[in-house]
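Note that the structure is predicted; figures quoted are calculated from it, not measured.
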Amino acid sequence: MTSSVVTPRESALSVQSLSVSFVTDAGEVDAVTEVSFEVYPGEVLAVVGESGSGKSVSVRSAIGLLPDTARVDGHVVLGGQDVTTLNDKAWARLRGNKISMVFQEPGSALDPLFTIGYQIVEALRAHTRADGKRMGRKDAKARAIELLTMVGLPNPEQRFSYYPHELSGGQKQRVMIAIAISCEAKVIIADEPTTALDVTVQAEILELLRDLKDRLGCAIVLITHSMGVVSDLADRVVVMQNGRVVEEAPVAQLFDAPEDEYTKKLLAAVPTLAAVESDKTVDTSGEPVLEVSQLVVQFSGGVGSSAFRAVDDVSLTIHRGETLGLVGESGSGKSTIGRCVAALQK
């Protein structure tokens, strides 16, 4: 590893000639080779590529989340500080304060045994303030409710005491974002933050990230395979293939005139709406293979709360050789209908 570090002008995060390999029983495996990029305050940098392209490994090295089997060469410079060789104790002081992460699966990242309010409060109290003291619990609770309000969670005072399983996927992701910005980190890593969300909720989360970037002036590194998300949110794009950067460009330039053949293939693979033509006619004259008639599913409420009707008078039929699409936002009842059909829900 070389000793000299060249820090780009005023960059929030700089990755310089980064190579990462993993020690395995079968030998050493190269995951990332000579990767370099930087992101500036108030900018969204998207790192894109197929699964296994090295995008997550590259970015996770910037927050010290690689396993012990990883061997890292090169430099990661965060706010002017080379963090490549920091130990766990030093990383604990930086995470949250200078750099934070929004994980792909908020249901897995949030602790199911604690309320969301408790988890935000603990994130706030884990880091000292500018005066060297820890935030008191009363102040931390007020700040947590303020953060939940900032990320658009409905009724934040009430939901402060909710457990993760009592929130929808989009609401849990908002909680994760609240934790990520709780200590005003200068760099936020968003690892596929909208993959498991419905399109309408995805649009809300993207709008939230865009608003936070403008309001807080933080830099966002977006890891994604969705070129639609890239076009909607990113300022610049880094394209990775087989552990290497194959192209980097402003987002408009990348979409209008991609240079690398791999980038062209990625853009060509983006699905588009088109007229569906089929010469196959489904015979609907016979008995349907599935018939749902006036289905109602109602969940009893807790003490002092009314019952909740998840499905209300739904009917549908499917014939042999037919495909029926059931779509809707989170909470619309589509999964409950499917569970009833499969006898997994009474």
Please report the interatomic distance CD1(Ile223) to CD1(Ile189), rounded to the nearest 0.5 Å. 6.5 Å
Would you sort out whether Lys98 and Gln81 count as a side-chain contact (heavy atoms from CB on, under 4.5 Å), showing the intermediate values? CA-CA 11 Å; Lys98 287 191 175 182; Gln81 177 185 1; 3.5 Å; yes
Closest approach of Ala31 to Val57 (non-hydrogen atoms, all atoms of both residues): CB-CG1, 4.4 Å
Quick one: does any side-chain atom of Glu146 pair with a main-chain N or O of Arg143 as donor and acceptor, under 3.5 Å? no
Do Leu94 and Val83 have side chains that approach each other closer than 4.5 Å (heavy atoms only, starting at C-beta)? yes
Strictly below 4.0 Å, N to O, side chains only: are Glu28 and Arg71 in salt-bridge contact? yes
Which donor-acceptor pairs under 3.5 Å do the side chains of residues 155-163 make with protein atoms, sequence neighbours left out?
{"residue": "Gln158", "atom": "NE2", "partner": "Tyr162", "partner atom": "OH", "Å": "3.1"}
{"residue": "Arg159", "atom": "NH1", "partner": "Pro154", "partner atom": "O", "Å": "2.9"}

Nearest heavy-atom contact between Ala62 and Ile99 is O-CD1, 3.3 Å
Under a plain distance cut-off of 3.5 Å, with no hydrogens placed, do His225 and Glu192 share a side-chain donor-acceptor pair? yes
Answer yes if Leu18 and Val23 sit in the same cluster of Ile, Leu, Val, Met, Phe, Trp and Tyr residues linked by side chain heavy atoms under 4.5 Å apart, and no otherwise. no
Taking all atoms of both residues into account, what is the closest heavy-atom pair of His319 and Pro288, and its distance? CD2-CA, 3.8 Å
Does any part of the side chain of Gln345, heavy atoms only, come nearer than 4.5 Å to the side chain of Phe299, both counted from C-beta? yes
Can you check whether Val76's main-chain N or O pairs, donor with acceptor, with Gln16's side chain at less than 3.5 Å? no
Rounded to the nearest 0.5 Å, how far does CG of Leu66 lie from OG of Ser61? 5.5 Å
Taking side chain as C-beta onward, heavy atoms only, is Leu212 less than 4.5 Å from Met150? yes
Could you please spell out the steps behind the side-chain contact (heavy atoms from CB on, under 4.5 Å) verdict for Val292 and Ser315? CA-CA 5 Å; Val292 176; Ser315 300; 5.8 Å; no
Give a yes or no answer on whether the side chain of Asp30 reaches the backbone of Ser21 with a donor-acceptor pair at less than 3.5 Å. no
Flag side-chain contact, heavy atom, 4.5 Å: Ile181 against Leu147: yes
Please say yes or no: joined through hydrophobic side-chain contacts below 4.5 Å, possibly via intermediate residues, are Val327 and Leu316 part of one cluster? no
Which ILVMFWY residues are connected to Tyr118, directly or by a chain of links, through side-chain heavy atoms under 4.5 Å apart? Leu113, Phe114
How far apart are the closest heavy atoms of Ser100 and Ala180, and which atoms are they? OG-O, 2.7 Å
Keeping Arg60 on the side-chain end and Leu65 on the backbone end, is there a donor-acceptor pair under 3.5 Å? no
For Glu247 and Tyr262, test the side chains for any donor-to-acceptor distance below 3.5 angstrom and give the result as yes or no. no
Atom pair OG1 (Thr263) and CD (Glu248), whose distance is rounded to the nearest 0.5 Å: 11.5 Å
Please identify each residue that fulfils salt bridge (Lys or Arg N to Asp or Glu O under 4.0 Å) with Glu166, with sequence neighbours left out. none
Going only through I, L, V, M, F, W and Y residues with side-chain contacts under 4.5 Å, is there a path from Val297 to Leu326? yes
Side-chain donor or acceptor of Arg125 paired with backbone N/O of Met135 under 3.5 Å: yes
pair Pro193-Met176: side-chain heavy atoms closer than 4.5 Å: no
Shortest non-hydrogen separation from Ala185 to Gly96 and the atoms involved: CB-O, 3.5 Å
Val47 side chain reached by Leu222 side chain, heavy atoms, under 4.5 Å: no
With a cut-off of 6.0 Å (strictly less than), are more than 12 heavy atoms of other residues, nucleotides or ligands near CG of Asp88? no
Is Ile337 reachable from Val296 through a run of hydrophobic residues whose side-chain heavy atoms are each under 4.5 Å from the next? no
Closer than 3.5 angstrom, by distance alone: can the side chain of Ser53 be matched with the main-chain N or O of Gln241 as a donor-acceptor pair? no
To the nearest 0.5 Å, what is the distance between CG (Asn97) and OG (Ser182)? 8.5 Å
Is the CZ atom of Arg320 crowded by more than 12 outside heavy atoms at less than 6.0 Å? no
What is the distance from atom CG of Leu13 to atom CD1 of Ile188, rounded to the nearest 0.5 Å? 12.5 Å
Counting distance only, does the side-chain N/O of Arg95 pair as donor-acceptor with the main-chain N or O of Met101 below 3.5 Å? no
Would you say Val32 and Val29 are hydrophobically clustered, going by side-chain heavy atoms of ILVMFWY under 4.5 Å? no
Val48 side chain reached by Met240 side chain, heavy atoms, under 4.5 Å: no
If we ignore hydrogens and angles and just use 3.5 Å, is the side chain of Gln173 paired with the main-chain N or O of Gly170 as donor and acceptor? no
Please check this pair: side chain of Lys55 against backbone of Gly49, looking for a donor-acceptor N/O pair closer than 3.5 Å. yes
What are the two closest non-hydrogen atoms of Val121 and Ala144, and how far apart are they? CG2-CB, 4.3 Å
What is the distance from atom CD of Glu207 to atom CG of Asp232, rounded to the nearest 0.5 Å? 8.0 Å
Leu290 and Val341: CA distance, side-chain angles, deciding distance, side-chain contact (heavy atoms from CB on, under 4.5 Å) verdict: CA-CA 9 Å; Leu290 173 66; Val341 168; 3.9 Å; yes
Could you go step by step and tell me if Lys172 and Leu110 meet the side-chain contact (heavy atoms from CB on, under 4.5 Å) rule? CA-CA 8 Å; Lys172 282 185 282 192; Leu110 294 171; 4.1 Å; yes
Ignoring hydrogens and angles, tell me if any N or O in the side chain of Gln171 forms a donor-acceptor pair with the backbone of Ser168 under 3.5 Å. yes
Are any of the side-chain heavy atoms of Thr84 and Val72 separated by less than 4.5 Å? yes
